[in-house]
Amino acid sequence: RMVPHYRVPFFGALAERSDVELVVVHGGESDVPGHPAQAGELPFNSYLAPWRAGSFVGLNYVMQPGSLRALRSEAPDVVVAEGTFSIVTNLFLALRCRFSTTRFLWWVGGWERPELTSWRRGLLRAYIRFALRLADGFIAYGSAAREYLIGLGARPSRIRVAQNSIDAEGILANLSRYRSEADRLRGAMGLTGRGVVLTV
């Protein structure tokens with residue numbers, strides 16, 4: 001649906017490789033609270049595919065038809081789709097890839113809405129199991145996401161763990177500026193020379 005700020009350095013590094021031609025399909029800026037998207041120009045080849053959200057029998061869904069147009073126009077070797085299974089058009093991408101030579105991977109966080117009632121949860125899990133069977137492989141955010149996938153029938157040998165990360169290089173490049181700002185804040189708060197514990 002969107003490009004989170006913490007994925008921009010990763011996609012940028014991937015795009016710089018001579019053996020990879022990267023196209024990132026995304027819906028632009030986000031108006032979803034708690035899910036900020038990278039704003040402005042992206043430092044890699046991208047394809048804008050706006051999305052619309054809706055609800056059916058209490059289950060949320062997202063439609064992003066531009067992703068299907070991108071698949072047709074770009075003709076990729078591999079599609080890596082966000083494993084937020086409410087993005088219904090990603091299921092259509094998986095089906096299209098299944099009947100072609102394009103390989104398809106789900107990139108999965110591995111969580112479900114806890115407020116779903118039993119029959120809705122059962123319906124959603126049946127849908128996810130079907131979606132998982134269409135994939136050639138999986139990228140999981142961490143060990144919990146890996147176990148989530150295995151619990152829904154994914155073969156462990158087809159799962160690779162790739163944890164989300166901060167932009168360590170960007171932080172190191174700006175370290176002196178951050179230290180200067182920290183010193184200024186300490187002074188403004190009367191904390192110079194004192195230990196500070198921050199909890200987030």
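These numbers come from a predicted model, not from an experiment.
Under the 4.5 Å side-chain heavy-atom criterion for Ile, Leu, Val, Met, Phe, Trp and Tyr, Met2 and Leu48 are members of distinct hydrophobic clusters. Note: the hydrophobic cluster containing Leu91 also contains Leu124 (ILVMFWY, side chain heavy atoms under 4.5 Å, direct or indirect links). In the hydrophobic clustering of ILVMFWY residues, with side-chain heavy atoms under 4.5 Å counting as a link, Val78 and Phe10 come out together. Trp107 and Tyr6 fall into different hydrophobic clusters, defined by Ile, Leu, Val, Met, Phe, Trp and Tyr side-chain heavy atoms under 4.5 Å apart, directly or through other members. When hydrophobic clusters are built by joining Ile, Leu, Val, Met, Phe, Trp and Tyr residues whose side-chain heavy atoms come closer than 4.5 Å, directly or via intermediates, Val161 is not grouped with Leu105.
For residues 59-82, no pair satisfies ring pair (Phe, Tyr, Trp, His ring centres under 6.0 Å), with sequence neighbours left out.
Remark: the backbone N or O of Phe85 is paired with a side-chain donor or acceptor of Tyr127 at under 3.5 angstrom. Between the side chain of Asp136 and the main chain of Phe104, a donor-acceptor pair closer than 3.5 Å is present. Side chain of Gln64 to backbone of Ile87: no donor-acceptor contact under 3.5 angstrom is found. For Thr102 (side chain) and Pro76 (main-chain N/O), a donor-acceptor pair under 3.5 Å exists by modelled atom type. One N or O on the side chain of Arg120 and one on the backbone of Val57 form a donor-acceptor pair closer than 3.5 Å.
Atoms CZ and CZ, from Arg125 and Arg129 in turn, are 6.5 Å apart once rounded to the nearest 0.5 Å. Between the CD atom of Glu21 and the CG atom of Asp77 there is a distance of 9.0 Å, given to the nearest 0.5 Å. In this structure, CZ on Phe130 lies 14.5 Å from CG on Leu152, to the nearest 0.5 angstrom.
Not counting sequence neighbours, Arg160 has no partner by the side-chain contact (heavy atoms from CB on, under 4.5 Å) test. For Phe92, the side-chain contact (heavy atoms from CB on, under 4.5 Å) partners two or more places apart in sequence, or in a different chain, are Met63, Leu68, Val88, Thr89, Leu95. Arg194 meets the side-chain contact (heavy atoms from CB on, under 4.5 Å) test with Leu191; sequence neighbours excluded. Qualifying side-chain contact (heavy atoms from CB on, under 4.5 Å) partners for Leu175, counting only residues two or more places apart in sequence or in other chains: Leu172, Arg179.
At a threshold of 4.5 Å between non-hydrogen side-chain atoms, the residues Leu132 and Phe138 count as touching. No side-chain heavy atom of Glu181 sits under 4.5 Å from any side-chain heavy atom of Arg177. Pro43 places a side-chain heavy atom less than 4.5 Å from the side chain of Val8. Proximity of Met189 to Val196: side-chain heavy atoms (C-beta onward) are nowhere separated by under 4.5 Å. Within the 4.5 Å cutoff, the side chain of Phe11 has no heavy atoms near those of the Ser46 side chain. Counting heavy atoms from C-beta on, the side chains of Pro65 and Arg52 come closer than 4.5 Å.
Enclosure of atom CZ in Arg155 is not indicated, since only 12 or fewer non-hydrogen atoms of other residues, nucleotides or ligands lie within 6.0 angstrom.
For the side chain to side chain contact (heavy atoms under 4.5 Å, CB included) with Trp106, the lone residue among Ile159, Asn90, Val79, Val80 that qualifies is Asn90.
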Between side-chain atoms of residues 139-150 and protein atoms elsewhere (two or more places apart, or another chain), which donor-acceptor pairs fall under 3.5 Å?
residue: Tyr141; atom: OH; partner: Arg7; partner atom: NH2; Å: 3.3
residue: Tyr148; atom: OH; partner: Glu112; partner atom: OE2; Å: 3.3

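Shortest non-hydrogen contact noted between Ser86 and Asn60 is CB-O, 3.4 Å. Shown here for Tyr47 and Ser73, the closest heavy-atom pair between the two residues is CE1-OG, 3.8 Å.
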**Request:** Could you check Leu123 against Leu59 for side-chain contact (heavy atoms from CB on, under 4.5 Å), going step by step and ending with a plain yes or no?
**Result:** CA-CA 10 Å; Leu123 180 65; Leu59 296 171; 3.9 Å; yes

